[in-house]
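Reading through the structure tokens given below for one structure.
A, B, ... follow the sequence lines: proteins, then strands. Residue 1 opens every chain. These numbers come from the heavy atoms of this one structure, side chains and all, not from hydrogens, waters or symmetry mates.
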Amino acid sequence: MRTHNCGELNLSHAGLRVTLCGWVQRSREMGGLTFIDLRDRYGITQLVFNMETNATLCDAARGLGREFVVSAEGIVAERSNKNKKIPTGEIEILVDSFRVLNPSNIPPFTIEDNTDGGEELRMKYRYLDLRRTVNRKNLELRHKMAVETRRYLDSLKFIEIETPYLIKSTPEGARDFVVPSRMNPGNFYALPQSPETFKQLLMVAGFDRYFQIVRCFRDEDLRADRQPEFTQIDCEMAFVTQEDILNTFEGLVHHLFDSVLGRKIETLPRISYEDAMSLYGSDKPDIRFGMTFVEINDLVGGKGFKVFDDAELVAGIKVPGCSGYSRKQLDELTDFVKRPQVGASGLVYIKFEEDGSVKSSVDKFYSRDDFMRVLTEFSALPGDLVLIIAGRKDKTRSALCELRLEMGGRLGLRKTGDFRPLWVLDFPLLEWHEETGRFYAKHHPFTSPVPEDIPMLETDPGAVRANAYDLVINGVEIGGGSIRIHNKDLQKKMFSVLGFSEEQAQEQFGFLMNAFEYGAPPHGGIAFGFDRWTTIFGNGDSIRDYIAFPKNNSGRDVMIDSPSKISEEQLEELNIRLKK
RNA sequence: GGACUGGUAGUUCAGCUGGUUAGAAUGCCGCCCUGUCACGGCGGAGGUCGCGAGUUCGAGUCUCGUCCAGUCCGCCA
């Protein structure tokens with residue numbers, strides 16, 4: 001139907017007869033002249049109609065509304081007024097005939113880079129929103145990421161194998177999306193939260209390098225970076241140590257930075273979970289800037305300031321060059337950390353003024369020497385501001401983490417386009433839950449403990465470290481994985497620590513444990529959040545912008561209006577009765 | 001489950017301590033314009049102020065409830 005697309009013609013094509021197809025972006029009527037911007041995926045080309053040379057055609061062109069689908073034939077001509085802003089700006093098409101392939105309603109919002117449409121409206125008409133360049137580029141980026149991922153992994157002899165979507169519900173982890181089985185009344189499939197068990201079975205089957213770019217499903221509340229269905233780059237390898245896995249996938253990180261963004265990056269720093277928590281208060285630190293935590297219990301305790309004396313942890317950050325902060329600004333920061341989402345009970349400041357004097361909210365408890373010792377510990381210089389939070393260790397760290405990120409943002413230290421990937425290692429194997437009074441696997445129940453910590457499974461399970469690792473970029477968890485347990489006895493012990501009875505373990509994971517009795521190789525793997533990684537590379541705010549048809553905050557697709565009710569007949573057939 | 005923010009022309013928003021005819025921009029329609037490209041000029045149409053109660057002589061504005069959207073906490077092995 002077309003000889004060229006709307007983004008490729010230039011002066012070298014002048015005089016050529018062409019046919020273009022596309023959508024009417026906008027038309028400009030000048031009395032005797034009519035210009036139409038014709039748009040397709042590749043760009044915009046200007047069509048021109050002249051009242052003097054063909055009044056009928058020019059008149060007809062004026063009947064074309066926005067988003068009409070048009071096929072136009074004519075001669076490529078050099079423009080008398082060139083537009084330097086677009087690649088095709090030096091030429092235009094002198095149209096001698098055109099055809100409306102399909103008219104269009106007036107679109108509910110303008111289909112331009114700076115659209116006037118709000119989010120909700122654009123989601124409802126997502127197919128129109130996707131015509132906008134920004135969204136098109138986001139999906140092109142996603143495609144490029146997928147292609148380069150496959151290229152890299154294929155070059156290392158990984159093979160992509162599909163695993164089932166209709167699987168079995170398991171109690172650990174996120175809530176399952178569940179699918180009723182018509183042929184097995186009262187029974188349900190679950191959609192996979194990840195292909196975890198299947199990729200381990202593939203290792204038992206001898207496919208020693210597996211990957212899959214695969215959809216995963218979790219029935220949990222949504223966020224800007226969380227969708228109920230999302231995509232992982234899921235990988236597993238046999239006959240490997242943790243070091244082998246980190247090196248192989250550090251290679252993927254380098255390859256994607258290079259091939260997609262055209263950037264060479266340095267060897268990824270590695271930090272232990274414990275250090276990440278004590279220096280950044282987070283297991284996914286944003287290391288684009290410093291401001292690491294300094295713990296000062298010893299320096300400030302026993303001076304009569306009860307809040308510090310009683311605190312499990314007193315820690316702070318040094319904010320360079322902010323000693324001039326006003327009372328109002330400090331009050332604002334105090335309010336910030338006291339918000340329920342941050343959860344600190346207060347904020348103490350020490351201003352190291354330019355003239356060398358010291359001002360603090362706790363002046364009456366400490367001498368100048370006391371403050372100087374603290375400031376030295378922070379390596380503070382005149383002009384710096386130290387902000388301190390105290391209380392329970394975990395609360396203090398998470399609040400200080402929020403404050404650090406906030407200050408980093410205010411000082412412009414979290415620069416867009418600055419990428420600082422790193423590995424976080426040695427995660428704890430287990431996590432204690434107060435409400436249920438038992439341990440849960442922090443990663444998943446097949447994660448192997450660090451060998452020298454295995455004896456502690458009996459004595460101090462909370463202190464056992466795992467052979468687990470996360471990839472973090474700019475404060476976002478991009479991926480995580482572990483070396484798996486391939487030994488049946490160890491796996492049994494793990495289930496028992498998690499509070500599974502032998503029968504429960506057998507019922508839920510018997511197929512895996514049985515498989516491990518038939519020569520399971522040592523293996524391990526990793527999975528990356530493909531949507532998040534793409535979003536980071538695109539400098540986006542929300543993974544929604546990198547998914548063609550995303551769900552909204554309540555898990556709804558407002559375009560197709562789902563989820564939705566189903567008929568009585570369907571319910572009957574599925575053997576389901578709804579609560580009145 | 002919880003906190004906060006928002007909901008007013010097709011769209012994006014403004015609308016003060018409650019006050020009589022609810023505005024702007026853009027889009028849309030009509031007329032004019034031969035080099036525009038965010039074209040320009042003139043004119044016009046377009047509103048259940050999310051929904052329901054309440055306070056008041058009077059509610060877009062205040063109160064309560066409710067629905068929807070967004071950000072976050074919980075949750076997300």
* Structure fact -> The contact string for nucleotides 2-12 of chain B, one letter per nucleotide 5' to 3', using protein heavy atoms under 4.0 Å with B, S and - for base, sugar-phosphate only and none, comes out as BB------BSS
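- Backbone-only contact: R544(A) has heavy atoms under 4.0 Å from sugar-phosphate atoms and none from a base.
- For G74(B), neither phosphate oxygen OP1 nor OP2 lies less than 4.0 angstrom from any side-chain nitrogen or oxygen of R223(A).
- For G27(B), the base has no donor-acceptor partner in the side chain of R26(A) [N/O atoms by modelled type, under 3.5 angstrom].
- Phosphate contact (OP1/OP2 of U71(B), side-chain N/O of N553(A), threshold under 4.0 Å): present.
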Pick out the pairs of N or O atoms, protein on one side and nucleotides 47-50 of chain B on the other, that lie under 3.5 Å.
none

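- You'll find a donor-acceptor pair under 3.5 Å spanning the side chain of R79(A) and the base of C37(B), going by distance alone.
- Rounded to whole Å, the separation between the C1' atoms of G6(B) and C13(B) comes to 12 Å.
- Base contact: E92(A) has a heavy atom under 4.0 Å from a base atom.
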* To do: For ring pair (Phe, Tyr, Trp, His ring centres under 6.0 Å), just list the numbers for F217(A) and Y165(A), CA-CA rounded to whole Å, side-chain angles, deciding distance to a tenth of an Å, and then say yes or no.
  => CA-CA 9 Å; F217(A) 307 85; Y165(A) 279 161; 5.7 Å; yes
* Apply side-chain hydrogen bond (donor to acceptor under 3.5 Å, both in side chains) to the pair Q491(A) and R484(A), showing each step before the final yes or no. => CA-CA 9 Å; Q491(A) 186 65 65; R484(A) 324 300 182 188; over 6 Å; no
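- In summary, of the residues considered (I111(A), T110(A), L121(A)), a side-chain contact (heavy atoms from CB on, under 4.5 Å) with L128(A) occurs for I111(A) alone.
- The shortest distance between the side-chain N/O atoms of R556(A) and the OP1/OP2 oxygens of C68(B) is not below 4.0 Å.
- Across all strands shown, U26(B) forms a Watson-Crick or G-U wobble pair with G10(B), both key distances being under 3.5 Å.
- With a cut-off of 3.5 Å on both pairing distances, the Watson-Crick or G-U wobble partner of U66(B) is G50(B).
- The ring pair (Phe, Tyr, Trp, His ring centres under 6.0 Å) check on F528(A) picks up F249(A), W533(A), with sequence neighbours excluded.
- Of the two residues near RNA chain B, L33(A) and E112(A), the one whose nearest nucleotide lies more 5' is L33(A).
- When rounded to the nearest whole Å, the span between NZ of K84(A) and C1' of G35(B) equals 15 Å.
- An OP1 or OP2 oxygen of A38(B) is reached within less than 4.0 angstrom by a side-chain nitrogen or oxygen of K85(A).
- Base contact: E52(A) has a heavy atom under 4.0 Å from a base atom.
- A distance of about 32 Å separates the C1' atoms of U21(B) and G40(B), rounded to the whole Å.
- Sequence neighbours left out, the pairs with a member in residues 48-67 of chain A that pass salt bridge (Lys or Arg N to Asp or Glu O under 4.0 Å) are R39(A)-E67(A), E67(A)-R131(A).
- Under the salt bridge (Lys or Arg N to Asp or Glu O under 4.0 Å) criterion, K284(A) pairs with no residue, sequence neighbours left out.
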* **Contact state string [nucleotides 41-46 of chain B, B base, S sugar-phosphate only, - no protein heavy atom under 4.0 Å]** => ------
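- Across all strands shown, G40(B) forms a Watson-Crick or G-U wobble pair with C32(B), both key distances being under 3.5 Å.
- Applying the 3.5 Å distance criterion, the base of U36(B) shares a donor-acceptor pair with the side chain of Q46(A).
- Residue pairs satisfying the ring pair (Phe, Tyr, Trp, His ring centres under 6.0 Å) criterion with at least one member in residues 467-487 of chain A, sequence neighbours excluded, are absent.
- Look at C16(B): it lacks any Watson-Crick or wobble partner with both distances under 3.5 angstrom.
- Counting heavy-atom neighbours within 6.0 Å of K442(A) NZ, excluding the residue itself, gives a total above 12.
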Side-chain atoms of residues 332-342 of chain A: list all donor-acceptor pairs with protein atoms under 3.5 Å, sequence neighbours left out, distances to 0.1 Å.
residue : atom : partner : partner atom : Å
T334(A) : OG1  : L330(A) : O            : 2.8

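- Residues passing the salt bridge (Lys or Arg N to Asp or Glu O under 4.0 Å) test with D470(A): none are found, sequence neighbours excluded.
- Only at 4.0 angstrom or more do the heavy atoms of residues 522-536 of chain A sit from any atom of RNA chain B, so none qualifies.
- Searching all strands for a Watson-Crick or G-U wobble partner of U21(B) with both distances below 3.5 Å returns nothing.
- If you check the side chains of D531(A) and Q227(A), you find no donor sitting under 3.5 Å from an acceptor.
- Qualifying salt bridge (Lys or Arg N to Asp or Glu O under 4.0 Å) partners for E112(A), counting only residues two or more places apart in sequence or in other chains: R26(A).
- Side-chain contact, D234(A) with Y210(A): a donor N or O sits under 3.5 Å from an acceptor N or O.
- As rounded to the nearest Å, G50(B) and C68(B) have P atoms that lie 16 Å from one another.
- Whole-Å rounding puts the N81(A) CG to A38(B) P distance at 13 Å.
- One atom, CD of E220(A), and another, C1' of G1(B), lie 13 Å apart when rounded to the nearest Å.
- The distance between atom CZ of R122(A) and atom C1' of G70(B), rounded to the nearest whole Å, is 12 Å.
- Separating the CD1 atom of I36(A) from the P atom of G35(B) is a distance of 18 Å, rounded to the nearest angstrom.
- Comparing C33(B), U36(B), C75(B) by their closest approach to the side chain of E29(A) singles out C33(B).
- Listed candidates were G70(B), G74(B), G35(B). Nearest to the side chain of S554(A) is G70(B).
- A close approach under 4.0 Å does not occur between any side-chain nitrogen or oxygen of N50(A) and OP1 or OP2 of U34(B).
- Evaluation of the salt bridge (Lys or Arg N to Asp or Glu O under 4.0 Å) rule for R175(A) yields E220(A) as partners, not counting sequence neighbours.
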* Decide side-chain hydrogen bond (donor to acceptor under 3.5 Å, both in side chains) for T163(A) and Q212(A); before the verdict, give the C-alpha distance in whole Å, the side-chain angles of both, and the deciding distance to 0.1 Å. => CA-CA 9 Å; T163(A) 51; Q212(A) 187 180 187; 3.0 Å; yes
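- With rounding to whole Å, M51(A) atom CE is found 14 Å from G35(B) atom P.
- One N or O donor and one acceptor, one from the side chain of R226(A) and one from the base of C75(B), sit under 3.5 Å apart.
- Here C39(B) is the nucleotide among C76(B), C39(B), U34(B) with the atom lying nearest to any side-chain atom of R28(A).
- Residues N552(A) and A174(A) each lie close to RNA chain B; by heavy-atom proximity, the contact nearer the 5' end of the strand is made by N552(A).
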* I would like to know whether D286(A) and N474(A) meet side-chain hydrogen bond (donor to acceptor under 3.5 Å, both in side chains); could you show each step before the answer? => CA-CA 4 Å; D286(A) 183 346; N474(A) 294 0; 5.6 Å; no
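- If you check every strand for non-hydrogen atoms under 4.0 Å, K124(A) touches nothing.
- Atom CZ in R66(A) sits about 14 Å away from atom P in U26(B), given to the nearest Å.
- A3(B): Watson-Crick or G-U partner is U71(B), with both key distances under 3.5 Å.
- Within a 6.0 Å radius of CG in D460(A), more than 12 heavy atoms belonging to other residues, nucleotides or ligands are found.
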